[in-house]
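First the proteins, then the strands, lettered A, B, ... as listed; each starts at 1. Computed from heavy atoms alone, side chains included, the values below leave out hydrogens, waters and symmetry copies.
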Amino acid sequence: MNRTNKDIDQRIWQVVMLIPAGRVATYGDVARYAGLPGAARRVGRALRGLPEDTGIPWHRVINAQGKLVVPGGSAARDRQRERLASEGVCFRSAATVSLRQFRWHPE
DNA sequence: ACCGTGACTCTGC
DNA sequence: TGCAGAGCCACGG
């Protein structure tokens with residue numbers, strides 16, 4: 001079975017959509033839940049290609065250090081922090097979330 | 001095919 | 001707490 005890149009992206013997006021509001025997940029977690037252990041960078045690439053008006057909650061995906069790593073300079077970074085805050089996610093610092101407290105753990 | 005780069009992660013100092 | 005190194009997957013020159 002040859003999985004196309006598009007299939008992989010969809011798989012990743014589907015996992016991201018499972019993250020409930022007020023919670024966050026790391027790139028590595030998403031990769032693992034999508035059946036792609038170790039492909040955290042692949043997840044980042046999949047999210048980078050999303051349009052601005054997407055319904056996929058990409059802002060709930062951060063790195064393993066609880067940090068928002070979306071490139072600065074783009075409005076996306078501020079939007080991510082704003083959305084998370086509005087969902088009730090508290091920040092330990094300007095761009096760092098309390099993973100311990102808000103990390104999503106699928107059952 | 002080689003190499004640099006990136007919305008990554010883990011380990012060790 | 002912070003930074004460097006190495007490993008990771010994938011893309012583009």
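- Nearest-nucleotide positions on DNA chain C place Gly38(A) closer to the 5' end than the other of Arg45(A) and Gly38(A).
- Closest heavy-atom contact between Ile62(A) and Gln80(A): CG2-NE2, 4.0 Å.
- Counting heavy atoms of neighbouring residues, nucleotides and ligands inside a 6.0 Å radius, atom CZ of Arg79(A) exceeds 12 of them.
- Rounded to an integer number of Å, the gap from NZ of Lys67(A) to C1' of dC3(C) is 11 Å.
- Of the residues near DNA chain C, Ala39(A) and Arg92(A), the one whose nearest nucleotide (by heavy atom distance) lies more toward the 5' end is Arg92(A).
- Rounded to the nearest 0.5 angstrom, Thr26(A) OG1 and Arg32(A) CZ are separated by 10.5 Å.
- When each of dC8(B), dA7(B), dT1(C) is scored by its nearest atom to the side-chain atoms of Arg48(A), the top-ranked nucleotide is dA7(B).
- Among the nucleotides dA7(B), dT9(B), dC11(C), the one closest to the side chain of Trp58(A) is dA7(B).
- Rounded to a whole Å, the CD atom of Gln65(A) is 14 Å from the C1' atom of dG12(B).
- No N or O donor and acceptor, one from the side chain of Arg42(A) and one from the base of dC9(C), sit under 3.5 Å apart.
- Under 4.0 angstrom from either OP1 or OP2 of dC11(C) there lies at least one side-chain N or O belonging to Asn5(A).
- In this structure, Leu68(A) atom CG and dC8(B) atom P are separated by 12 Å, rounded to whole Å.
- As a whole-Å value, the separation of Tyr27(A) OH from dC9(C) P is 18 Å.
- Nearest nucleotide to the Asn63(A) side chain, out of dC9(C), dT1(C), dT9(B): dT9(B).
- For Ser86(A) (side chain) and Arg83(A) (main-chain N/O), a donor-acceptor pair under 3.5 Å exists by modelled atom type.
- When the P atom of dA10(C) is taken as reference, atom CD1 of Ile12(A) falls 9 Å away, rounded to whole Å.
- In this structure, Ala64(A) and Leu99(A) approach most closely via the heavy-atom pair O-CD1, 3.2 Å.
- Atom CG of Asp29(A) is separated from atom P of dT9(B) by 8 Å (rounded to the nearest Å).
- Between the CG atom of Asp9(A) and the P atom of dA7(B) there is a distance of 16 Å, given to the nearest Å.
- The side chain of Arg41(A) has dC8(C) as its nearest neighbour among dA7(B), dT9(B), dC8(C).
- Between the CZ atom of Arg60(A) and the C1' atom of dA7(B) there is a distance of 17 Å, given to the nearest Å.
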